[in-house]
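One structure is given below, encoded as structure tokens.
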There are 2 protein chains.
Amino acid sequence: MKEIFGTGQPGGAPPAPAVLAAKVRTLAPSMTRSMQRVAEAVAKDPAGCAALTVTGLAERTGTSEATVVRTARLLGYPGYRDLRLALAGLAAQQQSGRAPALTTDISVDDPLAEVVAKLAHDEQQTLADTAAGLDTTQLGAAVTAAAGARRIDVYGIGASGLVAQDLAQKLLRIGLIAHAHTDPHLAVTNAVQLRSGDVAIAITHSGSTGDVIEPLRVAFEHGATTVAITGRPNGPVTQYADHILTTSTARESELRPAAMSSRTSQLLVVDCLFVGVAQRTYETAGPALAASYEALAHRHRQRR
Amino acid sequence: MKEIFGTGQPGGAPPAPAVLAAKVRTLAPSMTRSMQRVAEAVAKDPAGCAALTVTGLAERTGTSEATVVRTARLLGYPGYRDLRLALAGLAAQQQSGRAPALTTDISVDDPLAEVVAKLAHDEQQTLADTAAGLDTTQLGAAVTAAAGARRIDVYGIGASGLVAQDLAQKLLRIGLIAHAHTDPHLAVTNAVQLRSGDVAIAITHSGSTGDVIEPLRVAFEHGATTVAITGRPNGPVTQYADHILTTSTARESELRPAAMSSRTSQLLVVDCLFVGVAQRTYETAGPALAASYEALAHRHRQRR
DNA sequence: CACGGGTCCGAAAATATCTTTCAGATGTGA
DNA sequence: TCACATCTGAAAGATATTTTCGGACCCGTG
């Protein structure tokens, strides 16, 4: 069997220096234990790790050279050598005056003002990570597909279901035929209707939500162009996805469920997708947006 | 010879990445012809050279590996490997020097990468604004009311409807009785059921969405504690609100409907409200969160 | 003009580093 | 518990870097 790891991102994602920290955060959950140790060490002390050889880093993290190389691959680099280069770059950037973001958990007895500050900061971080980790090539492909689609179906369950609805609502506003499906059975029965030229989009943070994967699989097998918006670019859902849009995965805690930051991340991706499509179809999207704005104005009371 | 550079590292310490260019200029005259070629190439295109192996750089400069290594030594590095790392650092610093102003609107012909950057930046700004403008006293009051409520109803239409659902979903997870109403008629008929001790929350960006104000009015008149989450702290909706949580109002443009940033803002407020309530009811919320997490895990296929 | 002393240079060997392979270890679901 | 798949590290294999070493070149001198 072929090595599944090496693929990483087939779409030729260039290894970037500044987005490395974001990538670590995004991909950490989909890593194995030893790889996480390596990733953590790398994220914690870029300068120190850049000075180490592959053997040295393996020793420091208590793993083997092979694992270090595998981690480098997962982070999108051809090998450890390149990761090391990026690490040096990151270290240099950090060196040149940057305040390290202080992220503490929210605890039960935090005053409200602090809760607000921490939540806002966290979501900002999530946005930055997502933007940094988003592959614009994949995004472009998804935009092209959606802009020319006969029909667009979006699948999502739970919190992701709301994101799916948000996307569908917006696409409808610019004159596209878009539906959000939050019921697994209905989703599948609708997916059967799809064919080449249609687009199916699955939104799942974990990348392994069966109820969402199933309709995507059906759509995929019926020839539709499929897009996965997920936090686990290696998850099962990507198996049936022509294009993969990666959301960031911030660490969660008891009082801050994963749903919170993943939702922020998903929404940003969805917004990007939407704006991209709106650009592409500006001829019709522009007037449509204006018209829907007009229509809404009449639902508002006039006072004040 | 005396060390004239500001490295502050006398002896065999590795030179900093930033002073590399200066070193090249200073030491160039004392170099041999071939070494000068190498030094020049390195100074002119750090990024490009960092990507080359010792053999590659030798070829590009028309010299040999040995010469490259000798040059690296002359510049103060133990070997080419370390010069290369410094080069990568330098490249990264130069790269990060460019901070493009993102204050402009998104236009039809923006490349996707820029769309992503602008959207992310904008939403970050929105979060900061919201956090800054949120009145923690009002928030505290709303939290207290919600934490002790017999029942919580949330009203929202369109994009705000999704936020309402998000809030209700989360509150349900920690064991509270919460419902989101997106149908105006049903919302009103349900609002009639409310009484003192219950909480009604209206979410409307414009503050003047009749379909949302009406149920809140009914709830208010039936004695429920009412909360308004709105971008217009003076809007009609506040007339029937005991507590007002203000969301930020970012400027909109044709390709970036107001719904986008207002949604981000609303979600942050809703999250704050939720976390506050979860803190307040930690006795029951903690276990409930853990339990719902457990339950979800089984809906996911095995990892990878 | 030839010669000797010095420096400079690069091909190839020697070493270090990185990558791949493979088989045992470990965990997971039926 | 067993079967299966995944994870992991030791060691072999491939690259890259460093060192070695002999020849080329420059230049002043006899």
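The chains referred to below are lettered A, B, ... by the order of the sequence lines, with proteins before strands, and numbering in each begins at 1.
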key: Atom-to-atom span, CZ of A/R33 to P of D/dG9 - whole angstrom   = 10 Å

request  = Sorted by first residue and then second, give each side-chain hydrogen bond (donor to acceptor under 3.5 Å, both in side chains) pair with at least one member in residues 47-59 of chain A; sequence neighbours left out.
outcome  = none

ask   = Near DNA chain C, under 4.0 Å by heavy atom, which residues of residues 38-46 of chain B?
value = none

inquiry  = Going by the rule side-chain hydrogen bond (donor to acceptor under 3.5 Å, both in side chains), which residues pair with A/T136 if we only count those two or more places apart in sequence or in a different chain?
reply    = none

ask   = With A/H185, which residues qualify under side-chain contact (heavy atoms from CB on, under 4.5 Å), at least two apart?
value = A/D183

message = Going by ring-ring contact (aromatic ring centres under 6.0 Å, His included), name the residues that satisfy it together with A/H243, two or more places apart in sequence or in a different chain.
response = none

ask   = Residues two or more places apart in sequence or in another chain: which of them pass salt bridge (Lys or Arg N to Asp or Glu O under 4.0 Å) with A/D198?
value = A/R150

key: Contact pattern, 5' to 3', of nucleotides 10-20 of chain C - B, S or - by protein heavy atom under 4.0 Å   = BB-----SSBB

ask   = Over how many whole Å does the gap from A/L57 atom CG to D/dG9 atom C1' extend?
value = 15 Å

task = Quick one: list whatever passes side-chain hydrogen bond (donor to acceptor under 3.5 Å, both in side chains) with A/T67, sequence neighbours left out.
result = A/S64

message = Just the rounded figure in Å: distance from P of D/dT17 to CG of B/L85.
response = 11 Å

request  = Output yes when at least one side-chain N/O atom of A/T32 is less than 4.0 Å from OP1 or OP2 of D/dT6, else no.
outcome  = no

inquiry  = A quick test of your reading: do over 12 heavy atoms of other residues, nucleotides or ligands sit less than 6.0 Å from CD of B/Q169?
reply    = yes

inquiry  = Under the rule for salt bridge (Lys or Arg N to Asp or Glu O under 4.0 Å), what residues qualify as partners of A/R60, not counting sequence neighbours?
reply    = A/D45

